[in-house]
Colleague: 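Supplied in structure tokens, the structure appears directly below.
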Amino acid sequence: MTLDAQALKQAAAQAAIDYIEPWLTPDAVIGVGTGSTADLFIDLLCAKRDRFKAAVASSERTAKRLRDGGVAVLELDDVASMPVYVDGADEINAQGEMIKGGGGALTREKIVASVSERFVCIVDASKQVDVLGRFPLPIEVIPMAQAAIIRRCEALGGQASVRQGFVTDNGNVIVDVSGLSIRNAAELEARINHWPGVVTNGLFALEKADVALVASRGGVTKVEY
Ligand code: 5RP
């Protein structure tokens with residue numbers, strides 16, 4: 001990663017900390033995503049650990065980083081709602097629909113986001129696209145279904161392969177699908193999620209971002225959807 005890219009991620013993470021300031025209250029539980037941008041957000045959040053009650057993590061990796069930084073991590077079962085969920089994305093379009101799962105945490109990310117009132121997406125401007133699909137779409141799949149799911153992806157016109165050497169926190173595999181040009185993300189998200197063996201796919205369109213904080217060399221832009 002270039003220094004510039006790292007600086008942009010840092011700027012987006014800082015903007016997220018500033019954005020969630022009103023929700024950092026003694027009873028608040030914050031939803032936290034996974035990835036290199038989310039890691040920078042976590043480090044800033046840990047510095048404010050005395051301002052809120054706890055966090056819910058979208059991966060084992062994030063849970064460890066939060067705990068190492070002194071933040072209490074709760075199980076989602078113990079939390080009825082969260083004011084905000086903050087996470088990165090691999091792509092985001094002008095409607096706030098995203099592809100996520102480059103880090104393989106898409107299922108837990110989608111679950112934690114679904115229990116949060118607002119999805120705050122933190123990205124650098126290189127993640128903004130007109131049409132989703134340049135980044136390969138990750139699908140979490142129960143291992144015995146992997147060949148069947150690859151055939152279905154290829155029938156859609158994509159090229160699909162199992163991510164090598166990777167097992168999700170849920171014990172499953174990731175099928176990455178390249179070559180898709182996704183013009184109706186909500187329809188495709190629902191369709192793929194109905195295939196037997198799919199746990200979930202990395203389209204976040206049925207529940208998309210509420211706000212994106214997009215970092216570029218000119219500064220951070222807030223986009224509301
Ligand atoms: C992990 C994700 C990440 O949010 C996505 O891959 C972006 O990561 P990064 O901030 O490292 O570019 O969905 O499953």
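Remember, predicted model here, so these are calculated numbers, not experimental data. Keep in mind that the numbers below use all heavy atoms, side chains included, and drop hydrogens, waters and symmetry copies. Numbers here simply count residues along the sequence, with the first being 1. Start at 1 and go down the list; that is how both ligands and their atoms are numbered.
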Colleague: Who's closest to atom 7 (C) of ligand 1 heavy-atom-wise, of I99, D90, I122?
Modeller: D90

Colleague: For atom 11 (O) of ligand 1, what's the nearest protein heavy atom and its distance?
Modeller: S36 OG, 2.5 Å

Colleague: Distance to 0.1 Å, residue and atom name: give those for the protein heavy atom nearest to atom 10 (O) of ligand 1.
Modeller: T37 OG1, 2.5 Å

Colleague: Compare every heavy atom of S36 with every heavy atom of R61, then report the nearest pair and how far apart it is.
Modeller: NH2-N, 3.6 Å

Colleague: Output yes when the distance from some N or O of ligand 1 to some N or O of A38 is under 3.5 Å, and no in every other case.
Modeller: no

Colleague: Please could you name the atoms of ligand 1 that G104 approaches to less than 4.0 Å, counting only its heavy atoms?
Modeller: 14 (O)

Colleague: Are N193 and N201 close enough that a side-chain donor and a side-chain acceptor fall under 3.5 Å?
Modeller: yes

Colleague: Closest approach of A16 and V86, non-hydrogen atoms and distance?
Modeller: CB-CG1, 3.9 Å

Colleague: Is it the case that the side chains of E140 and T107 hold a donor-acceptor pair, with the cut-off being a distance below 3.5 Å and no angle test?
Modeller: yes

Colleague: Taking C-beta and beyond as the side chain, do I30 and V71 meet within less than 4.5 Å on heavy atoms?
Modeller: no

Colleague: Minimum heavy-atom separation for R163 to G102, with atom names?
Modeller: NH1-O, 3.0 Å

Colleague: For atom 12 (O) of ligand 1, what's the nearest protein heavy-atom neighbour? Residue, atom name and distance, please.
Modeller: K127 NZ, 2.8 Å

Colleague: Starting from atom 4 (O) of ligand 1, locate the nearest protein heavy atom and write down its residue, its atom name and how far away it is, to 0.1 Å.
Modeller: K100 NZ, 2.9 Å

Colleague: Give the atoms of ligand 1, by number and element, whose distance to some non-hydrogen atom of K9 is under 4.0 Å.
Modeller: 9 (P), 11 (O), 12 (O)

Colleague: From atom 2 (C) of ligand 1, work out which of E109, R108, E91, R61 has a heavy atom at the shortest distance.
Modeller: E109

Colleague: Taking only heavy atoms of G103 into account, list the atoms of ligand 1 that are under 4.0 Å away from them.
Modeller: 1 (C), 6 (O), 14 (O)

Colleague: Go through the structure and list residues passing side chain to side chain contact (heavy atoms under 4.5 Å, CB included) with A113, not counting sequence neighbours.
Modeller: Y85, F119

Colleague: Treating K110 as the side-chain partner and L203 as the backbone partner, does any N or O pair qualify as donor plus acceptor under 3.5 Å?
Modeller: yes

Colleague: Minimum heavy-atom separation for L106 to G101, with atom names?
Modeller: CB-CA, 3.9 Å

Colleague: Regarding D27 and T25, is there a side-chain donor-to-acceptor distance under 3.5 Å anywhere?
Modeller: no

Colleague: Considering the heavy atoms of A105, write down every atom of ligand 1 situated less than 4.0 Å from one of them.
Modeller: 14 (O)

Colleague: With heavy atoms of D87 as the reference, note each atom of ligand 1 found under 4.0 Å away.
Modeller: 4 (O)

Colleague: Under 4.0 Å from any heavy atom of G88, which atoms of ligand 1 are there?
Modeller: 4 (O)

Colleague: Quick check: does G35 get an N/O under 3.5 Å from an N/O on ligand 1?
Modeller: no

Colleague: Checking contacts here: is it the side chain or the backbone of V123 that comes within 4.0 Å of ligand 1, counting heavy atoms only? Could be both or neither.
Modeller: neither

Colleague: Grab the two heavy atoms, one from V56 and one from L74, that are nearest each other, plus how far apart they are.
Modeller: CG2-O, 3.8 Å

Colleague: Please work out, at 4.0 Å between heavy atoms, whether the side chain, the backbone, both, or neither of A89 comes within that distance of ligand 1.
Modeller: backbone

Colleague: Strictly under 4.0 Å, does any heavy atom of G33 approach an atom of ligand 1?
Modeller: no

Colleague: Any idea which atoms of ligand 1 are less than 4.0 Å away from a heavy-atom of G101?
Modeller: 2 (C), 13 (O), 14 (O)

Colleague: Heavy atoms only: give me the nearest A80-V115 pair and the separation to one decimal.
Modeller: O-CG1, 3.5 Å

Colleague: Just which atoms of ligand 1 are under 4.0 Å from any heavy atom in T34?
Modeller: 1 (C), 2 (C), 3 (C), 4 (O)

